[in-house]
Amino acid sequence: MDVFDAVIVGGGSAGLAALMELSKLGIQAVLLESGKPVGSKNVTGGILYSKSYPDGKVYNVEDIYPDFADAPVERRITRYYLNALSGSKVYTIDLTEAHNYRTNFAYSVLMARLNRWFAERAGEEAAKVGGGIVDGVHVRDIVWMDDGARGSRSSIIVTDELEEFGARAIIAADGVNSEVALISGARSKFKPEALYQGVKCIVRLPEDVIDERFDVDGDEGVAHLFAGDISRGHNGGGFLYTNRDTLSVGLVYHLDSLLKSPIEPYQLLNEFLTIPVITNSIVDEVPVPREVDRNLPREEQLRIRFGLSRLLKQYEELRYTYYSKRARLNAIRQGLYSSEEEIKARLDDVRSRLEKEYGVQFTNDYVELEYACKLVPDGKRAMMDKPYRHNILFIGDAAGKGIFVGTRIEGINIGIDDAARAARAVARAKEMNNFSEDYMGRYYAHLVEESPYTDDIRRIDFEYMKIFVKASRNIPTEPFPLFLRLAFMLIQKTTVQELAAKIARMMDQSTLLKIIESNDAYVRIPMEVAERIGIEVKPVAAIRPLSIDERVARMRIREDEVPHIRIRDARSRFIKAMVHLCPTKCYMMEVVGEGAGRGEGVRAKEEGKEGEKGVKAVVSSVILQHEGCIECGTCSLETEWRHTRGEKGVVYEYG
Amino acid sequence: MHVIDNCKQRLKVSVPAPLIDMNGDTLNVAVMVKLEPDLSEGNVSYNPDGTLNRSQTKNILGPHSAIACRAGMYAKVCYDAWVAVCSMGPPTAEIALRDAMGICCADELHLYSDRIFAGADTLATAETIKHGIMRMGRRIDLVFSGHRAVDGETGQTGPQTAWKLGFNFIGNVVDYSVDVSRRMVRARRRVDLPGLYTVLEDVECPLPALIALDPGYRDNYRRVSERLMYARLEKEARRRVADYKNHLKVWSAKDLGVDLRYVGLAGSPTIVYKVEKIPKAKASRRARVVGSSSVEELREVGNLILNIALGEK
């Protein structure tokens, strides 16, 4: 049987960083990932931060990967805004200063792409010491054996695909829906109040159009957050980040808030896409081909179809080359075209041919490339007190890490910091040949405790809040009702700010959170602000968001005949909520009879319909079709939930 | 489990003395491949009479040969084998060898190319390959061949080469393993019994042996160390492909020292008398094309499905 010093479960950004660090420390480590290739199941919002603290060291991405400068990141985020929304009105607050707080740099990233690069680097480093990445493998079980004197317990890893093998230390980086955590009993599943559900779509837009529309240059980018009436009263908000030639547009909501009044996340996303300020950001000129005349002979129909698709492909290539400074120069350097004018002339030519020969019309719409969903652990409620168990160390999402305070949103950097610390704990354990909970686990916990991030997750950083409050100093106070005006005037006064900070420091965390994460803060105040002082934005065009069926049809999902989710109680309130909350509509209501169930009778009574003529309480139950599942884990709390087997399930191209 | 060990007596070939250790030698593996026309859409071209237009059709490593290469890679990963890929064909067949190298990370590539070899049938090809394998500079323990070629071949070259080399032959193999210390190869064969059922048969035979892979062959790396080795060799293979010419040896008939009576057209007793196309049977189902652009059309389809589901005609 193969035995390895360290086995990492999960090939996300945290797991890969752990592999890289372990390998650098000379430890033979193997990383197991169920997706193939690595990165195909990773999703982020997302921005990757690099931070520095005056009073403590954090391990940043550039510390892990020395050649990070070559990494396929998107744009460096140099401006950061919060937008209050109400209808078509928007009021924008510049939060760049808060964004820059302790930040070395921040990049917008597409996780699936970036992780492939990380995997390449980490895999190379690991191969030097006999380790590496094994993709397409799903860990099913872990068995522990007592190892003798020092209470050290080595373990045997059981997978769906491979022979069993041994591991002295395990680093669990299997994400928010960690199975290792459940197998080892280190924690129970996260409760809805400790989770956010995020949905996102990637919108394609030529590079130069992004530069112009968001007033950025080349490598720079902006981030916009949104709050207000977009949420239909739920606690959460929207985001729009600029990537190189795409935009990441999405929404994040507290899962408990969604469960309270379930609503389809894709519906909310579509409503978000159609508010004027977002529409204006994502709209693009899209060719719409005419339906082929069916009365033509079949050969002629085929000829038209093939000719059209080839020309459309040419058009797209030319357009994305012409409207991207980099691609333009590259193409000319490679000798594909002689000058920019030539590309333009070719583009115009193809365009006019499309119009004349094939009757293609150019309309305003948007180009959606990929739809994704992810659960995000809310660090302040989800972070594990003891991020270890037996010989396992938990890092990143699996350990419930993440800083989410108001507009401060960080996750990837914290997972990477965890990874570096876990690697050091394993290296020390290996030196003493003691992988026990007491020796390795507690040392890891100690290292994590030293991390400035841990403090930030636990306690609201008042320095950050001060900067945040300062950003709102320019809000005119006159148009607001007395109470709000008073509040705004107070927080704009420096002396009062100090006092408020003092008072806030005296309050305990949960009371403070109740205020910060109240429905007022998320919805009512932004709406009020936008309503009173916002600028009216007129949509430049109407777009047609994709339906969920179209989105699922475009996704790459390798179907597994064996379901990885099993419903426990098909009639529970939670499972019924999933009919709405599942981001890919995998759950469906099924009517199984009339008037039999007790709960249904009660509901009919509540609705005052009992006894009405012809109205009977209907007994419904929920069925699951796992084929469209994108493994977000929204339904995991009341189901037997596992990741798919190796090489199965969703494959994200962008992430 | 059947043990094939009587075939050697039948063929009157001396059985090599069984070796407990391999004298420090590694397992030596040869893979025989063929350059074949790419019959995928967009690459294939036909003459007006329906025969293959060979000059217009792109040539690639045959799909069955690629499977043989995968088996070669398996030997490399699991038994640290030395692997050579060989092929008989025109000089352009080095493309097939290059592609094969990318799959199995071959140590050497051997191309048997001579005008004399042209027009060879399976028997004459087997003769050439036999001489090639005997002159690889190592004692070859295991040879892999594909199931058959896609361009008019009968699946005979593999078995005939085995016969000529005096190796044991196992065909239709879907999985195999080698017991290096006992010098035995164990293989799982897929046997289709026409009209009955398909069985999987486990057989064992001593080395040297020639294995013809079934199209259903799956390389099955079940250990972490094997997966890691595979990843390493895959990378190495990419490096080697970049300068495959340095690994390539081209042999003429003279280099091989073949008896000219047994190779090429002269050594081919087969006569192709006639090639007939089998006419396609007419479809027996009735089909109607329904569009998908309007709700009415889709409703019609829905009604049809519903009728069938309800058992109505």
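Naming convention: chains lettered A, B, ... in sequence-line order (proteins, then strands); numbering from 1 in each chain.
- Applying the 6.0 Å contact sphere to CZ of B:Arg188 captures no more than 12 heavy atoms from other residues, nucleotides or ligands.
- For A:Gln361, the CD atom sits in a loose shell: 12 or fewer heavy atoms of surrounding residues, nucleotides or ligands are nearer than 6.0 Å.
- Residue-environment remark: NZ (B:Lys235) exceeds the threshold of 12 foreign heavy atoms within 6.0 Å.
- In this structure, the side chain of B:Arg223 does not engage the main chain of A:Met1 through any donor-acceptor pair within 3.5 Å.
- Scanning both residues, A:Asp135 and B:Arg227, for their nearest heavy atoms gives O-NH1, 3.2 Å.
- When heavy atoms are compared at a cutoff of 4.5 Å, A:Glu291 approaches chain B solely by way of its side chain, counted from C-beta outward.
- A heavy-atom distance below 4.5 Å is not found between the side chains of B:Glu226 and A:Glu163.
- Of the two parts of B:Tyr221, only the backbone, made up of N, CA, C and O, holds a non-hydrogen atom closer than 4.5 Å to a non-hydrogen atom of chain A.
- Applying the 6.0 Å contact sphere to CZ of B:Arg222 captures more than 12 heavy atoms from other residues, nucleotides or ligands.
- Summarising the geometry, atom CD belonging to A:Glu161 is positioned 11.0 Å from atom CG belonging to B:Asn220; distances are rounded to the nearest 0.5 Å.
- Contacts of A:Ile133 with chain B are made by backbone atoms alone, with heavy-atom separations under 4.5 Å and no side-chain atom involved.
- The environment of CD in A:Gln625 is sparse: at most 12 heavy-atom neighbours from other residues, nucleotides or ligands sit within 6.0 Å.
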